[in-house]
Amino acid sequence: MIDLKYLEKNFDEATNRLTKRGINNTLLEELKYKFRELKEINRRLEEARATQNRVSKLFGEYRREGKDISELKSKLSKNKELIASLQDEVNIANEELQNIALNIPNFPDESVPYGEDEDDNVEIKRVLTPREFNFRPREHWELAEINGWIDFQRGVKLAKSRFSLLRGEAARLERALINFFLDENRKRGFEEVYVPFINNSNMLQGTGQLPKFADDLFKIEGEELYLIPTAEVPLTNIYNNEILKKEQLPILLTAYTPCFRKEAGSAGKDTRGMIRQHQFDKVEMVALSLPEESEEIFNMMVENASNLLTMLELPHRLVELCSGDLGFSASMTIDIEVWLPGQNRYREISSISNTRDFQARRAKIRFRDGKKNRLLHTLNGSALAVGRTLVAIMENYQNADGTIDIPEVLKKYI
RNA sequence: GGACAGAUGGGUGAGUAGGCUGAAACCACAUCCCUGCUAAGGAUGCGUACGGGUAACCGUACCGAGGGUUCGAAUCCCUCUCUGUCCGCCA
């Protein structure tokens, strides 16, 4: 959630920053108005309560001393009604405020390039040169068929479309990648964590998936529980509603989890192959840091993810997302895109974001700084998306006869 | 899933015939003092959120969560959640 006090006090600056990502400022005007309204009603409510508390104490004294209490009683009864009606007003105002505020995305960082959509993203650098093929490189689903690695039909039979299963060497390669990523992340100082793959709605709200993106989540029927769309949710929320010691920071976490997404807005996109599935594996990094250090940790996380691809000898590029393409919670994001020779293009394989205090405010994650409690910064990034890495290996390591070589660094894992 | 018991501040733990308890005491922690020698003594401070004030500070809310009764609730009532124990089930 954005800082409403900041919005109120620096309205022009704030709206300026948010219009860059397509938020209209009548909505922000309304938000500011609701915020002020709530404060005003709340002030009156608190005054009425203070009166009630004060006079109620008197009431007790009077009765002990045997004084006449009828006058106090009528005063209190009247005031009680006032409190009830003010309370209703506060509840309504607060709900209206939350409805708007929880749907406002994060401020883009000053450094974020302006742009409408993904076409305006800025390539920062390329790492490794794509190999030259002396044959037509196949797409991964062709290779999957030749090698018997991916069974799309039966995945659909077991669940529904956009599910698949990996068989034999592919399944082992998937597991090898998970282990490889976790080991490398651990070497960088990330603590490995095993987390629940189902989280409650509070946690989803903490990291920003709810309330706005409910359509993209698998919900457990009859419960306030959801399959996680990314390990970012459980990892970040480990410290939900906690106050950490300054010395504990930064906290670096990594976890492997399957991720579940309805892909509601992706009809017709990547329907072939396993680029976009309802269930996919990912190894995630999450950092909780001092505000002053989040930039530095962000860079470390980008470098770590890029380095994993370099170790796998997979050509890739770093892309800085423009303001219009930023995710809801992110203040800045760098995507890493891996080269897919079969598709003849770069495809996203990792996304690293600094949300600054946006998630921390929602999830109430703070640290004690001297006498004050301050919101910390949260960051997250894939290191890496496992299924897409498998695809990248298939397409980059393919031979003319359709066989696939195994990357050197993975051999000890198989 | 069934039965019973419980849920209080960082921890232990008082407080249940409603008001003087935002909450005793102890421990932990912080600062200071004393004293020095392997360990101890003393003083003070020490929950969170929101609102107001430059600040000291003041107001409001919170004793698992939500609702109710009442002039007034940690204390009474209802619902839910969680924890423990027993039973059932299961990896």
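Hydrogens, waters and symmetry mates are skipped; everything else that's a heavy atom, side chains included, is used. To find a chain, count down the sequence lines: A is the first, B the second, and so on, and within it residues start at 1.
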For [X] and [N], give me the distance from atom [atom1] to atom [atom2], rounded to whole Å.
{"X": "A/Leu38", "N": "B/A49", "atom1": "CG", "atom2": "P", "value": "18 Å"}
{"X": "A/Lys372", "N": "B/U48", "atom1": "NZ", "atom2": "C1'", "value": "16 Å"}
{"X": "A/Asn373", "N": "B/G9", "atom1": "CG", "atom2": "P", "value": "17 Å"}
{"X": "A/Asn42", "N": "B/G51", "atom1": "CG", "atom2": "P", "value": "9 Å"}
{"X": "A/Ile365", "N": "B/U48", "atom1": "CD1", "atom2": "P", "value": "17 Å"}
{"X": "A/Asp3", "N": "B/C50", "atom1": "CG", "atom2": "P", "value": "10 Å"}
{"X": "A/Gln248", "N": "B/G10", "atom1": "CD", "atom2": "P", "value": "14 Å"}
{"X": "A/Ile41", "N": "B/G52", "atom1": "CD1", "atom2": "P", "value": "15 Å"}

Which whole number of Å gives the distance between the [atom1] atom of [N] and that of [M]?
{"N": "B/U48", "M": "B/A56", "atom1": "P", "value": "15 Å"}
{"N": "B/A5", "M": "B/G64", "atom1": "C1'", "value": "16 Å"}
{"N": "B/C4", "M": "B/G15", "atom1": "C1'", "value": "24 Å"}
{"N": "B/A73", "M": "B/G68", "atom1": "P", "value": "12 Å"}
{"N": "B/C86", "M": "B/G59", "atom1": "C1'", "value": "49 Å"}
{"N": "B/A74", "M": "B/G6", "atom1": "C1'", "value": "15 Å"}
{"N": "B/U35", "M": "B/U21", "atom1": "P", "value": "38 Å"}
{"N": "B/C63", "M": "B/A24", "atom1": "P", "value": "15 Å"}

Does [X] have any side chain to side chain contact (heavy atoms under 4.5 Å, CB included) partners at least two apart in sequence or in another chain, and if so, which?
{"X": "A/Thr19", "answer": "A/Asn16"}
{"X": "A/Ile406", "answer": "A/Glu169, A/Leu173, A/Leu410, A/Lys411, A/Ile414"}
{"X": "A/Asp401", "answer": "A/Asn399, A/Thr403"}

Base paired to [N] (Watson-Crick or G-U; both N/O distances under 3.5 angstrom):
{"N": "B/A56", "answer": "none"}
{"N": "B/U75", "answer": "none"}
{"N": "B/U31", "answer": "B/A43"}
{"N": "B/C26", "answer": "B/G11"}
{"N": "B/C37", "answer": "none"}
{"N": "B/U85", "answer": "B/A3"}
{"N": "B/C80", "answer": "B/G64"}

- A/Phe35 or A/Arg368: which one's nearest nucleotide on RNA chain B is closer to the 5' end? A/Arg368
- side-chain hydrogen bond (donor to acceptor under 3.5 Å, both in side chains) with A/Gln359: which of A/Asn106, A/Thr207, A/Asn237, A/Thr378? A/Thr378
- Item | Under 4.0 Å protein heavy-atom contacts per nucleotide of nucleotides 57-81 of chain B, with B for base, S for backbone only and - for none | --BBS--------BBS---------
Pairwise ring pair (Phe, Tyr, Trp, His ring centres under 6.0 Å) hits with a residue in [range], at least two apart:
{"range": "residues 20-65 of chain A", "result": "none"}
{"range": "residues 268-308 of chain A", "result": "A/Phe163-A/His278, A/Phe218-A/His278"}
{"range": "residues 88-110 of chain A", "result": "A/Tyr6-A/Phe107"}

- Message: Checking A/Phe213 against A/Phe328 for the ring-ring contact (aromatic ring centres under 6.0 Å, His included) test, could you report, in this order, the C-alpha distance in whole Å, the side-chain angles of both residues, the deciding distance, and whether it holds?
- Response: CA-CA 10 Å; A/Phe213 305 102; A/Phe328 182 74; 5.3 Å; yes
When we call it a touch if two heavy atoms are under 4.0 Å apart, what does [X] touch: a base, just sugar-phosphate, or nothing?
{"X": "A/Arg44", "answer": "nothing"}
{"X": "A/Asn79", "answer": "nothing"}
{"X": "A/Lys5", "answer": "sugar-phosphate"}

- Task: Sequence neighbours left out, what passes salt bridge (charged side-chain N to carboxylate O under 4.0 Å, His left out) with A/Glu118? Give chain and number order.
- Result: none
- Item | Donor-acceptor under 3.5 Å (A/Ser323 side chain, A/Lys20 main chain) | yes
- Option passing side chain to side chain contact (heavy atoms under 4.5 Å, CB included) with A/His316 (candidates A/Ile336, A/Asp335, A/Ile349, A/Leu308): A/Ile336
- Task: Using heavy atoms and a sub-4.0 Å distance, could you list which residues of residues 235-247 of chain A are near RNA chain B? By number, please.
- Result: A/Ile243
